[in-house]
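For clarity, every value in this text was computed on a predicted model and none was experimentally measured. Below, chains carry the letters A, B, ... as their sequence lines are ordered, and counting in each starts from 1.
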Amino acid sequence: MSEAEERRQKLDRLVSEGRSPYRNRFPGPEQVAPLLERYASFESGEKSKENHRVAGRVMIRREHGKATFLVLRDPGARIQLYGNINELGEERYGEFKHLDIGDIIGAEGPVFRTRRGELSILVKDFIPLAKGLHPLPEKWHGLTDVEVRYRQRYLDLIANDEVHQAFYIRSRVLTAIRRFMDARGFIEVETPVMQTIPGGATARSFETHHNALDMNLYMRIALELHLKRLLVGGFDRVYEIGRIFRNEGISTRHNPEFTMLESQQAYADYNDVMEMTEQLVAYVAREVLGTLEISWKDEQVDLTPPWPRLTLRELIKEHSGVDFREYPERAAMKARVGETGITVEPGWSWGKIVDELLSTFVEPKLIQPTFIIDFPRELSPLARPKDEDSMLVERFEGFIGGMEIANCFSELTNPIEQRRRFEEQAALREAGDEEAGLVDEDFLTALEYGMPPSGGSGLGIDRLCMILTDSPSIRDVILFPLLKPEKQQ
RNA sequence: GCGCCCGUAGCUCAACUGGCAGAGCAGGGGACUCUUAAUCCCAAGGUUAGAGGUUCGAUUCCUCUCGGGCGUACCA
């Protein structure tokens, strides 16, 4: 008989005896972590006067004849339960020692420290709350099969405390971001996920269909254009933490759906946004981790602001030897870049080639926080040109750990120029570039009413969480990453 | 999409050059009233991801399929 079958039999037996192990409630359990703290100074043999109620999952059982130790796990900590025949009586003790690993129970009794120094609860009473019908992963090695970890994340969370911790940190990161943005006078908004024109980024989108309206819709690829409409409407500082969907490859840094923080701040420019971005990341790290010095793979990363600001041109020149200002024509650029070993595909524009230089030669080097500033206009259809150099726009990207974390710019507010840029994009799309954008007439109309100058920001929350939890894969910070379904039979 | 690697008991892993599929943990029975990877004794647990092929014989070699990981491409 398999273990699952044996557990099922135990359940049937309990139910037939009128002692169902599924209970509706267990009021007022205390968190274990504060309990451990409160009695940390107890000596061996010392026992609390009052009883404490705890609840959680049985992780380990050690049976010693007429006494049994269980290890109980709640969301924040583990505590040992000590039950013996003197305290519980013969019948109840029998039930206690036959609890299974994986069962969820509530228990009550004084806290004491054992002879071997373990803070424990002397169980006076206990109650099964839910039966575990499946065996848990092994207590020592945990669960390592990555496929099972992703498909049955709850098992991963039960078996691997560090996984539990990483997602706890992610939650705290989101809370800290909201606190930071709110303190700076931003308000949080929610904008449509399903859109008629997916805009605000260059990316392939997912399509869906609305039956009643019989129309195709796109899942959003960015938040930006709707936030700007809100600037037109008079909200001067807005942000959204939202899920974005991009129909592209999956890798250790890419999941088809991911979370971005985007914001718009009226009367600010990209210099203000740079300051905000480094302050935000530093604030979050201090709030959540208590430090600005973090480990990333084999390196130490110092998040302390201000972060270096280097132009795209000088960084590419330094790391690849190519000064893109010397090759304003695509043909010359292609020839020069070909010498570096990059294969320039026929469809690549001048801007795309520059972008390739960035990702191949520069990006992997930027382990310490770094802002790259001043991007070519061609790569940035929504950004405002620099006053002194119309080839470039007021845009920066923030890098940490060799990953792009942030992409921000002074927004283009001129509707005439914006229309021209959209039309450039539409032409690229006509030519077969599925990532290029479309002309968003509705957005242009909004701009024509007048949008204040603004500094816009996009921050990749998943990647920030990777950095803050030292996770090598984006799947380590996404609870339920996309997987192919298992084939039936 | 392409390339490389992986899939053995519920979990973690063995199995030499192709020769009877094993162990620890978990689970079952037993001993043990302060253990903590508890310990000790006994018994049980398998369509080796799936399908086909080569062979006297396949976990092992070959082909295909499914799923996963990593790299690469696209991208953030």
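Under the 4.0 Å criterion applied to side-chain N and carboxylate O atoms, A:Glu43 and A:Arg113 are not assigned as salt-bridge partners.
A gap of 8 Å separates the P atoms of B:U59 and B:A21, to the nearest Å. B:C32 and B:G22: their C1' atoms are spaced 30 Å apart (whole Å).
Listed nucleotides B:U33, B:C34, B:A76 differ in distance to A:Glu248; the shortest reach to its side chain belongs to B:A76. In this structure, the nucleotide among B:C74, B:A76, B:C70 sitting nearest to the side chain of A:Ser473 is B:C70. Comparing B:G27, B:U33, B:A76 against the side chain of A:Tyr82 picks out B:U33 as the nearest.
Counting atom types as modelled, A:Thr144 pairs no side-chain N or O with a base atom of B:U12 as donor and acceptor under 3.5 Å. Side-chain N/O atoms of A:Glu63 and base N/O atoms of B:U35 include no donor-acceptor pair closer than 3.5 Å.
In this structure, A:Thr202 reaches the sugar-phosphate backbone alone: every heavy-atom distance under 4.0 Å involves primed, P, OP1 or OP2 atoms, never a base. Looking at heavy-atom distances under 4.0 Å, A:His134 makes no contact with the nucleic acid at all. Nucleic acid contact for A:Tyr150: sugar-phosphate only, since backbone atoms but no base atoms lie under 4.0 Å from a heavy atom of the residue. Across all strands shown, A:Phe399 has no heavy atoms under 4.0 Å from either base or sugar-phosphate atoms. Within the nucleic acid shown, A:Ile101 comes within 4.0 Å of sugar-phosphate atoms alone, with no base atom in reach, counting heavy atoms only. Backbone-only engagement by A:Asp145 is indicated by non-hydrogen atom pairs under 4.0 Å involving sugar-phosphate atoms exclusively. Nucleic acid contact for A:Leu483: sugar-phosphate only, since backbone atoms but no base atoms lie under 4.0 Å from a heavy atom of the residue. Across all strands, A:Thr252 comes closer than 4.0 Å only to sugar-phosphate atoms, never to a base (heavy-atom distances). At the heavy-atom level, A:Asn247 lies nowhere under 4.0 Å from the strands shown. Within the 4.0 angstrom heavy-atom criterion, base atoms lie near A:Arg463. A:Ile60 comes within 4.0 angstrom of the backbone, heavy atoms only, and of no base. Nucleic acid contact for A:Gly249: base, since at least one base atom lies under 4.0 Å from a heavy atom of the residue. Heavy atoms of A:Lys10 sit under 4.0 angstrom from primed sugar atoms or phosphate atoms, though from no base atom. At the heavy-atom level, A:Glu6 lies under 4.0 Å from the strands shown only through sugar-phosphate atoms.
Residues A:Ala282 and A:Leu303 come closest through the heavy atom pair CB-O, 4.2 Å.
OP1 and OP2 of B:A26 both lie 4.0 Å or more from every side-chain N or O belonging to A:Arg7. Note on A:Arg62: every side-chain N or O is 4.0 Å or more away from OP1 and OP2 of B:U35. Taking side-chain N and O atoms only, A:Lys139 has no distance below 4.0 Å to OP1 or OP2 of B:A37. In this model, the phosphate group of B:U35 is approached by a side-chain N or O of A:Arg116 to a distance below 4.0 Å at OP1 or OP2. Within the structure, a side-chain polar atom (N or O) of A:Arg475 is placed less than 4.0 Å from OP1 or OP2 of B:C70. Within the 4.0 Å cut-off from OP1 or OP2 of B:G68, at least one side-chain nitrogen or oxygen of A:Arg151 is found.
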> Between A:Lys365 and A:Glu299, is a salt bridge (charged side-chain N to carboxylate O under 4.0 Å, His left out) present by the stated rule, with each step listed?
Replying inline: CA-CA 12 Å; A:Lys365 307 275 176 52; A:Glu299 318 221 24; over 6 Å; no

> Are A:Arg7 and A:Glu3 close enough, and set up right, to give a salt bridge (charged side-chain N to carboxylate O under 4.0 Å, His left out), and what steps lead you there?
Replying inline: CA-CA 6 Å; A:Arg7 285 174 179 237; A:Glu3 185 173 346; 3.2 Å; yes

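In this structure, A:Phe69 forms no aromatic stack with the base of B:A38, since the conditions of centre separation below 5.5 Å and plane angle below 30° are not both met.
Aromatic pair A:Phe396/A:Phe409: centroids not less than 6.0 angstrom apart. Checked against a 6.0 Å centroid threshold, the rings of A:Tyr39 and A:His52 count as neighbours.
Ranked by how close their nearest RNA chain B nucleotide is to the 5' end, A:Glu356 and A:Lys484 are led by A:Lys484. When each of A:Ile250 and A:Ala201 is assigned the nucleotide of RNA chain B bearing its nearest heavy atom, the one mapping closer to the 5' terminus is A:Ile250.
Side-chain contact between A:Met219 and A:Thr208 is present, with heavy atoms from C-beta onward closer than 4.5 Å.
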